[in-house]
Amino acid sequence: ATLFASKSSEADVVWTYSAWTAEFGNAGYLEPIDDKISPDLKEDLVPGALEAVAYNQVLYGVPRFLSLRLFYYNKEAFEEAGLDPERPPKTWDEFKEMAVKLTRDTDGDGKIDQYGYLGDYGAPNNSTMSFELLLYLNGGRMFDEQGQVLFNDEKGQRALEQLVELHELGVVDPASMGISSGGDKTARFVSGVPATMFGWFSTYAAANDESKSNIVGKLGWGTIPAVLSESASVGGSEGYAISAFSEKKTEALQFIEFVASKEMQKGIALRTGWMPVRASVLNDPELKEKLPYTAAVEEQSKYPAYRFAAPYAQEVIDTLGNEILAAVKGEKDAKKALDDAAVKAAEITAKYR
């Protein structure tokens with residue numbers, strides 16, 4: 001933000017995701033590249049990954065990996081709790097029932113040492129994503145096309161109440177309150193204390209890393225449990241854009257196209273577990289063999305729910321995230337928390353009209 005405000009040419013390529021692309025692209029700080037990237041590359045990009053680098057039908061960059069949240073679980077914990085390790089929950093009610101059974105005192109010392117669910121509330125962005133997921137599962141939306149707040153309607157209230165209920169049931173790992181990034185969340189999950197979570201694709205590689213994981217060979221996965229009739233997920237794709245103030249735009253374009261090349265995309269996927277942004281690589285037989293959760297990725301991709309993105313997204317996220325945290329901590333009821341956030345969000349969006 002400081003570089004952009006000063007129109008500095010120091011940075012040529014910038015990391016971005018959907019909300020930042022909307023904010024900085026709308027402000028004129030990112031270089032539109034629709035007519036600049038290779039046609040072969042553009043045609044091969046997976047639509048779900050483009051949300052990270054496009055806004056209002058303008059392409060500002062190239063995605064570096066595709067990501068959605070999946071349901072991940074510890075198969076050994078399922079077995080020990082009397083659950084079928086090959087049958088992840090399909091509905092939210094099934095998920096709640098399983099989470100209760102998975103919350104256990106495994107060593108008999110009178111203290112819970114395994115929790116049914118790992119959340120993430122250590123930063124407003126994470127709290128908002130936790131709510132956003134349930135909002136989409138309930139058929140809700142954050143805003144309408146005119147920028148009017150929708151997240152505090154009856155669908156939003158039901159979504160937040162469902163999130164709060166998990167805490168009331170006592171199934172949420174207390175460590176959830178300190179989780180402020182995907183890396184934090186994955187590290188806690190592979191410790192083996194929480195039995196389930198909604199996580200990114202890199203979970204597979206981390207869970208099977210013998211130097212870091214206590215659940216090697218025990219990871220299960222499936223689509224996000226449905227609340228209504230269908231699943232839904234939150235996108236987490238990331239990408240690279242070119243600064244409008246760069247003096248090396250040609251070289252910057254060459255770099256971001258290199259990251260999206262077929263060779264690089266396959267290598268990134270095999271090393272890290274993040275899914276490729278090119279359809280031709282996503283369908284590679286070797287990739288499907290070495291990353292067996294690709295079938296779940298393809299199934300989850302049938303139920304897209306694009307992450308909230310707007311020029312005012314970060315301001316709204318900071319406001320809403322704090323209210324979500326207040327609700328799950330029992331400091332406010334769901335309606336009060338969402339209504340308070342809606343008032344502030346309306347004030348924020350008014351500045352952009």
Side-chain angles (χ1 to χ4, degrees), residues 12-21 25 30-55 58-70 72 181-183 186 199-209 219 221 223 233-243 248-304 306-307 309:
D12 301 296
V13 174
V14 295
W15 170 88
T16 189
Y17 79 112
S18 54
W20 281 8
T21 300
L30 303 179
E31 183 75 7
I33 63 167
D34 292 87
D35 59 347
K36 297 182 176 68
I37 69 168
S38 159
D40 290 342
L41 169 59
K42 191 173 182 179
E43 291 172 6
D44 199 26
L45 290 175
V46 178
L50 285 173
E51 67 166 322
V53 292
Y55 180 67
V58 177
L59 185 65
Y60 292 104
V62 174
R64 65 171 178 156
F65 60 69
L66 168 69
S67 184
L68 293 168
R69 281 193 165 179
L70 289 179
Y72 291 102
S181 71
T186 301
W200 306 120
F201 297 154
S202 58
T203 301
Y204 179 83
N208 290 291
D209 183 340
L219 184 70
W221 55 82
T223 55
S233 187
V234 175
S237 300
E238 298 177 3
Y240 292 120
I242 300 172
S243 168
K248 300 177 181 178
K249 293 186 175 71
T250 299
E251 292 87 347
L253 181 63
Q254 290 173 345
F255 172 74
I256 63 177
E257 286 192 326
F258 167 71
V259 173
S261 66
K262 293 180 181 180
E263 180 181 4
M264 283 296 294
Q265 283 294 300
K266 186 172 181 178
I268 289 171
L270 292 175
R271 287 193 304 274
T272 70
W274 294 109
M275 287 286 102
V277 300
R278 300 187 68 139
S280 57
V281 181
L282 191 60
N283 292 317
D284 185 285
E286 181 186 1
L287 194 73
K288 290 189 172 185
E289 178 185 351
K290 293 186 176 179
L291 300 178
Y293 58 95
T294 52
V297 171
E298 291 171 349
E299 179 65 22
Q300 188 67 73
S301 297
K302 296 176 183 177
Y303 311 103
Y306 296 120
R307 193 167 170 181

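Count residues from 1 along the sequence. Please read all numbers here as calculations on a predicted model, not as lab measurements.
- Of all the heavy atoms in W221 and A296, the pair that sits closest is CD1-CB, 3.7 Å.
- Applying the ring-ring contact (aromatic ring centres under 6.0 Å, His included) rule to Y55 yields no partners; only residues at least two apart in sequence or on another chain are considered.
- Among residue pairs with one or both ends in residues 39-48, those qualifying as side chain to side chain donor-acceptor pair (under 3.5 Å) are D44-R278, D44-S280; sequence neighbours excluded.
- Contact between G48 and L66 at its shortest, heavy atoms only, is C-CD1, 3.8 Å.
- Contacts of F65 classified as ring-ring contact (aromatic ring centres under 6.0 Å, His included), with partners at least two apart in sequence or in another chain: W274.
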- Item | Residue pair D12, E251: steps toward the side chain to side chain contact (heavy atoms under 4.5 Å, CB included) verdict | CA-CA 9 Å; D12 301 296; E251 292 87 347; over 6 Å; no
- Just do the side chain to side chain contact (heavy atoms under 4.5 Å, CB included) check on L30 and V53 with the steps written out, would you? CA-CA 10 Å; L30 303 179; V53 292; over 6 Å; no
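- T203 places a side-chain N or O within donor-acceptor distance of the main-chain N or O of W200, the cut-off being under 3.5 Å.
- Taking CG of D284 as the reference point, atom CD of E289 lies at 10.0 Å (rounded to 0.5 Å).
- Of all non-hydrogen atoms in L282 and K288, the two that sit nearest each other are O-CE, 3.6 Å.
- L59 CG to E31 CD: the interatomic distance, rounded to the nearest 0.5 Å, is 11.5 Å.
- Here the side chain of T21 pairs a donor or acceptor atom with the backbone of A52 at under 3.5 angstrom.
- M275 has its side chain out of reach of L68: every pair of non-hydrogen atoms, C-beta onward, lies at least 4.5 Å apart.
- A donor-acceptor pair is defined here as one N or O able to donate and one able to accept, closer than 3.5 Å; such a pair exists between the side chain of Q265 and the backbone of V277.
- Listed for the N208 side chain is a donor-acceptor partner under 3.5 Å among the backbone atoms of Y204.
- Within 6.0 Å of NZ on K262 lie no more than 12 heavy atoms contributed by other residues, nucleotides or ligands.
- Between E257 and K36, the shortest heavy-atom contact is OE2-O, 4.4 Å.
- When every heavy atom of T186 is checked against every heavy atom of A206, the shortest pair comes out as CG2-CB, 3.3 Å.
- Using a distance-only test at 3.5 Å, with no hydrogens or angles considered, a donor-acceptor pair links the side chain of Y293 to the main chain of G273.
- Side-chain N or O atoms of S18 include none that pairs as donor or acceptor with a backbone N or O of A309 at under 3.5 Å.
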- Quick one: do V62 and I33 satisfy side chain to side chain contact (heavy atoms under 4.5 Å, CB included)? Show the steps, please. CA-CA 9 Å; V62 174; I33 63 167; 4.1 Å; yes
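- Of the inter-residue distances, the one linking L70 atom CG with Q300 atom CD reads 5.5 Å to the nearest 0.5 angstrom.
- With S237 contributing its side chain and S67 its backbone, the two residues share a donor-acceptor pair below 3.5 Å.
- To the nearest 0.5 Å, the span separating OH on Y306 from CG on L50 amounts to 8.5 Å.
- Distance check: I268 CD1 to S202 OG gives 13.0 Å after rounding to the nearest 0.5 Å.
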- Starting from the C-alpha separation in whole Å, work towards a yes-or-no answer on side chain to side chain contact (heavy atoms under 4.5 Å, CB included) for L253 and I37. CA-CA 7 Å; L253 181 63; I37 69 168; 3.7 Å; yes
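- Checked by atom type and distance alone, the side chain of E51 pairs as donor or acceptor with a backbone atom of R307 at under 3.5 Å.
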